[in-house]
Amino acid sequence: MSKTGSSTPKPSDRKLSEVARHVVYPKGIVTSVWPRVVAQCAAMGVSFDQWQHGVGTLALGKLKNGKYAATVGGVVLSIPRQVGKTFLVGMMIIALCVLFPNMTVLWTAHRTRTSTMTFKTMQGMVQRKKIRVHLAPDRNDGIRKGNGEQEIRFKNGSVIMFGARENGFGRGFDSVDVEVFDEAQILTEKALDDMVPAANASKQKTAALLFFMGTPPRPVDNGEEFTNRRAKALAVKPLDEVVGVGGKAVYVEFSADDGADPDDHEQWAKANPSFPSRTPVESMERMREQLTDEDSFRREALGIWDAAGTPEVIDAASWARVSDPASMAVERLTLAIDVEPGRSVASVSLAGKRADGLWHVELDEQKRGIDWVGPWVKSRAERNRLHAVVVDEMSGLVETKNGKHYLAGTDRKVLVTLAAAEGRDMAIACGWFFDGVMEATPKLRHTDQPQLNVALSVARKRPLAGAWAWNRKDPEADITPVVSSTLALWGAMKDDVVRPSRRVVSDRTAVVL
């Protein structure tokens with residue numbers, strides 16, 4: 001096992017297929033804009049390593065019709081830190097702006113800090129003597145530095161604008177030709193909704209081009225979009241082959257081996273094609289020292305993805321440990337409802353306290369559509385003394401009359417304890433559910449229902465209110481059983497609730513669900 005990296009070939013000598021773990025590109029590429037970019041960069045005093053030529057050739061590859069081969073799927077780069085992605089993509093963008101007049105580029109990061117740092121880096125790049133002659137001859141020398149207006153303008157009308165998605169940057173633009181999504185491991189569907197339509201009106205003959213660049217997502221990152229793009233790309237080739245042809249996107253991934261020793265310099269070279277010539281040993285050692293969490297170093301410095309992209313929040317073994325087919329709640333009975341975003345399916349779950357003091361959750365019912373929910377919950381409330389009925393206001397199943405909340409279509413008063421579905425309550429509910437399963441002495445039990453087990457296996461995390469909430473592994477995943485169970489448990493554990501109205505039909509207070 002090498003710790004020196006001394007035998008590593010120079011980065012400039014290694015082809016893309018020799019340094020990347022995965023390379024996938026669309027069929028039908030017949031030519032590329034990359035040679036023109038290379039010539040323009042050479043005139044500006046910039047050259048590239050061999051592997052960078054590979055990335056550029058594919059990213060700017062064109063079909064017979066003259067349009068970018070990746071105009072639909074985009075260019076996706078899973079790339080560790082310290083590799084030089086900003087230099088590579090940045091110089092590509094600068095050259096394109098010089099070559100093609102009136103090109104509009106949006107460069108966006110998730111955080112303001114990252115966006116500002118990238119702007120400063122790009123600012124330094126364009127101020128090279130042979131590049132700055134192409135900048136707009138205005139009083140700012142083509143560079144605007146004001147907050148919210150960070151731009152690099154060229155004398156031919158092209159412009160690169162920088163901003164943070166967390167601040168809403170990208171909404172309202174049109175006729176955008178290139179969009180760069182930096183920090184793509186934190187990329188929400190809303191951000192894409194805001195920005196992608198702007199590229200539909202590109203006036204370039206090649207059509208628009210989208211770049212997605214990031215490191216493997218952390219469990220708390222909203223990494224579903226980035227993860228899905230990787231999964232689509234890797235589905236077109238065997239995982240034991242480096243290069244694959246198919247799909248609509250260019251996908252390039254640099255990463256060390258899954259079980260890599262984080263101190264092995266040969267693994268550093270596998271992950272980082274710029275190591276050790278352009279990325280010095282001390283830069284990697286600095287990350288190793290400062291990223292004290294080994295998983296963080298594996299993702300950030302070595303580019304290693306978790307086994308299934310984003311890992312399960314609660315693993316199967318831990319969930320099985322708290323299984324009890326005979327489990328039953330006898331007090332603080334609480335129902336909760338969750339509706340799939342497309343409203344195609346809904347789940348009602350039950351939670352409560354067992355006779356031994358442990359907490360209990362189970363899926364009560366799951367059906368397609370939502371029309372059945374009101375009558376179902378109403379019938380349960382009429383037959384049981386319920387502690388609470390929990391309804392998320394985003395479900396569309398809540399009606400407010402005289403300041404009180406009712407289940408839509410019924411006269412049953414409910415507790416809208418998730419009145420701020422994107423806030424603190426949901427995060428707390430998920431934390432309580434997680435702790436109930438994962439603590440050294442678990443306090444939660446379930447009845448080992450297949451629907452709930454499957455929902456948990458496809459449930460992931462999304463950041464929320466400084467913590468996290470449930471998210472779907474992919475758009476087709478149904479997690480309503482686990483979300484409704486989480487909300488039911490939250491309602492059962494709370495003391496400050498307004499109990500739902502009910503009509504007493506007998507003296508029974510036991511569970512008859």
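- Here OG1 of Thr71 is found 11.5 Å from NZ of Lys248. Values are rounded to the nearest 0.5 Å.
- Side-chain polar atoms of Thr112 and Glu166 form a donor-acceptor pair below 3.5 angstrom.
- A cation-pi arrangement is absent between Lys85 and Phe211 under the rule of less than 6.0 angstrom and at most 45 degrees off the ring axis.
- A 4.5 Å side-chain heavy-atom check between Phe275 and Gln82 finds every atom pair outside the cut-off.
- Dense packing is recorded around CE of Met438, with more than 12 heavy atoms of other residues, nucleotides or ligands lying under 6.0 Å away.
- Around CZ of Arg368, the count of heavy atoms belonging to other residues, nucleotides or ligands within 6.0 Å does not exceed 12.
- Val458 and Asp478 get closest at one heavy-atom pair: CG2-O, 4.1 Å.
- Phe434 places none of its side-chain heavy atoms less than 4.5 Å from the side chain of Thr486.
- Screening Lys232, Arg230, Arg229 for a side chain to side chain donor-acceptor pair (under 3.5 Å) with Tyr251, the sole residue that qualifies is Arg230.
- With contacts defined as side-chain heavy-atom distances shorter than 4.5 Å, the pair Val483/Phe433 does not qualify.
- The backbone N or O of Val454 sits less than 3.5 Å from a side-chain atom of Ser457, completing a donor-acceptor pair.
- Considering only heavy atoms from C-beta on, Trp305 stays 4.5 Å or farther from Ser255 through its side chain.
- A side-chain N or O of Arg354 and one of Ser327 form a donor-acceptor pair less than 3.5 Å apart.
- With hydrogens and angles left out, the side-chain atoms of Asp425 and Trp490 include no donor and acceptor closer than 3.5 Å.
- Residues Asp257 and Lys270 have side chains in contact (heavy-atom distance under 4.5 Å, counting atoms from C-beta outward).
- Under a cut-off of 6.0 angstrom, the local environment of CG in Asp371 is sparse, with at most 12 non-hydrogen atoms contributed by other residues, nucleotides or ligands.
- Annotation for Glu189: atom CD does not count as buried by contact number, only 12 or fewer foreign heavy atoms lying within 6.0 Å.
- Side chains of Phe297 and Met287 form a contact here, defined as non-hydrogen atoms less than 4.5 Å apart.
- When each of Leu489, Leu358, Asp435 is tested with Leu444 by the rule side-chain contact (heavy atoms from CB on, under 4.5 Å), just one qualifies, namely Leu489.
- Nearest heavy atom pair, residue Glu225 against residue Leu187, reads CG-O, 3.4 Å.
- Using a distance-only test at 3.5 Å, with no hydrogens or angles considered, no donor-acceptor pair links the side chain of Arg380 to the main chain of Leu386.
- Among residues at least two apart or in separate chains, ring-ring contact (aromatic ring centres under 6.0 Å, His included) pairs with a member in residues 179-200 are Phe181-Phe212.
- Side-chain contact between Leu363 and Ser347: present, with at least one pair of heavy atoms (C-beta onward) separated by less than 4.5 Å.
- Counted within 6.0 Å of CZ on Arg343, heavy atoms from surrounding residues, nucleotides or ligands total more than 12; the atom is thus considered enclosed.
- Remark: Thr114 engages Glu183 in a side chain to side chain donor-acceptor pair (under 3.5 Å) (not counting sequence neighbours).
- Using a 4.5 Å heavy-atom cutoff, the side chains of Lys190 and Arg171 are in contact.
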